[in-house]
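Just so we're clear, the structure is a prediction, and the values are computed from it rather than from any experiment. Because only heavy atoms are used, hydrogens play no part in the values below, and waters and symmetry mates are left out as well, while side chains stay in. All ligand and atom numbering here is 1-based and tracks the order in the structure. All residue numbers refer to positions in the sequence shown, counting from 1.
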Amino acid sequence: MRKAVEIARKARVLGLNVLGSPNAFDMEVRVGAGAYVCGEETALLDSLEGKRGMVRAKPPLPAHKGLFGQPTVINNVISLASVPIIMDKGAAYYKDFGMGRSRGTIPIQIAGNIKYGGLFETAFGLTLGEIIDDIGGGTVTGRPVKAVQVGGPLGAYFPRGLFDTPFDYEAFAAKDGLIGHAGIVVFDDSADMLKQARFAMEFCAVESCGKCTPCRVGSTRGVETLDKLAAGIEPQKQVALVTDLCNTMKFGSLCALGGFTPYPVMSALTHFPEDFKPVPVAEAAE
Ligand code: SF4
């Protein structure tokens, strides 16, 4: 990115007089320290201002009061990366790819237990099954796919039964999932979905900015509750508790970190209930 900025500046695409015009436009690259929450736009602004990345309450929206209190436009890289092709070939060309309200293409990152992992750009609309089986070639272990997490660490787990879901924002939302940044992680049938649910709660506890209670306290209580479930302590009570907790986090959190953590937890619980049943003591000891 820095090299690209340097080249653009030399070519006068950036600078005081862009391509000899009276218009000034410049860019600089700022590297974050790695906090997940700084992907949230207002935490990102705090981080850019040199503060600890904390989510700001909205309103005011960054478009009104953003970086250093000034009106600020914030876009994801994927939005910006779509601009050149639209400028070059026109909106109709770009719109021709995709389905429903999800138009254009999406770079999908396929990772985890997958034969042909990597980055694949494709039009919206392929089914999840086509992405996993046809593009990804199934698991690298050769075992059956058990679950696919779509949308990053806060994305829902999809079982094979939902592989006919088209890769489309609305279609995923209708199945209680999300496309997010289109990262896909594949798990074979040896995966323990209770452990994956715990991982989501733990991730939230570690990455929480601490501003609101449902996320800050809820994630820690979530880890404890799932640990009790794994230990076989009053399992029905723990399932009810974690479900209630997820509802509180989903609807009561200030940002998507706390608000989306319930997606991996509840999808694991809904689609793989057998993994949430305590193992009888004698069996566990074998
Ligand atoms: S949901 Fe979590 S990360 Fe977001 S504002 Fe609340 S405490 Fe911070």
Side-chain angles (χ1 to χ4, degrees), residues 30-79 109 149-157 169 172-173 176-183 185 194-229 238 240-270:
R30 292 287 185 106
V31 180
Y36 187 81
V37 78
C38 289
E40 196 283 335
E41 57 181 1
T42 59
L44 176 71
L45 292 173
D46 267 17
S47 176
L48 280 170
E49 289 179 6
K51 302 173 194 151
R52 179 180 159 199
M54 291 282 280
V55 174
R56 300 178 186 174
K58 288 182 267 189
L61 293 171
H64 295 136
K65 200 169 172 221
L67 189 66
F68 297 113
Q70 301 302 310
T72 305
V73 174
I74 304 172
N75 282 299
N76 277 327
V77 172
I78 189 168
S79 306
Q109 313 107 63
Q149 189 179 29
V150 183
L154 307 181
Y157 288 99
Y169 289 108
F172 266 67
D176 289 328
L178 53 123
I179 282 187
H181 58 43
V185 184
L194 172 54
K195 278 194 185 148
Q196 291 309 122
R198 186 195 191 277
F199 172 74
M201 282 292 189
E202 190 183 25
F203 180 84
C204 182
V206 170
E207 297 289 345
S208 172
C209 84
K211 185 149 182 163
C212 66
T213 315
C215 169
R216 184 187 68 246
V217 180
S219 52
T220 299
R221 294 289 95 89
V223 171
E224 291 166 2
T225 309
L226 290 170
D227 280 347
K228 281 187 195 159
L229 184 55
Q238 311 311 338
L241 199 56
V242 90
T243 305
D244 188 31
L245 185 58
C246 279
N247 270 327
T248 306
M249 290 175 74
K250 186 172 176 182
F251 298 109
S253 295
L254 189 58
C255 87
L257 179 51
F260 282 19
T261 295
Y263 280 80
V265 177
M266 288 312 295
S267 58
L269 185 56
T270 306

Closest protein heavy atom (residue, atom, distance) for [atom]:
atom: atom 2 (Fe) of ligand 1; result: C215 SG, 2.3 Å
atom: atom 4 (Fe) of ligand 1; result: C255 SG, 2.3 Å
atom: atom 6 (Fe) of ligand 1; result: C212 SG, 2.3 Å
atom: atom 5 (S) of ligand 1; result: V55 CB, 3.5 Å
atom: atom 8 (Fe) of ligand 1; result: C209 SG, 2.4 Å

Do other residues, nucleotides or ligands put more than 12 heavy atoms under 6.0 Å from the [atom1] atom of [X]?
X: K65; atom1: NZ; answer: no
X: F199; atom1: CZ; answer: no
X: K195; atom1: NZ; answer: no

Of all the atoms in ligand 1, which lie at a distance below 4.0 Å from a heavy atom belonging to [X]?
X: L257; value: 3 (S)
X: V37; value: 3 (S)
X: S253; value: 1 (S)
X: S208; value: 2 (Fe), 7 (S)
X: G258; value: 1 (S)

* Asked: Stepwise, does the side-chain contact (heavy atoms from CB on, under 4.5 Å) test hold for D46 with R52?
  -> CA-CA 6 Å; D46 267 17; R52 179 180 159 199; over 6 Å; no

* Asked: To the nearest 0.5 Å, how far apart are CZ in R221 and CG in D244?
  -> 14.5 Å

* **side-chain hydrogen bond (donor to acceptor under 3.5 Å, both in side chains) between T72 and Q70, intermediate numbers included** => CA-CA 6 Å; T72 305; Q70 301 302 310; over 6 Å; no

* **Charged N-O contact under 4.0 Å between E49 and R56** => yes

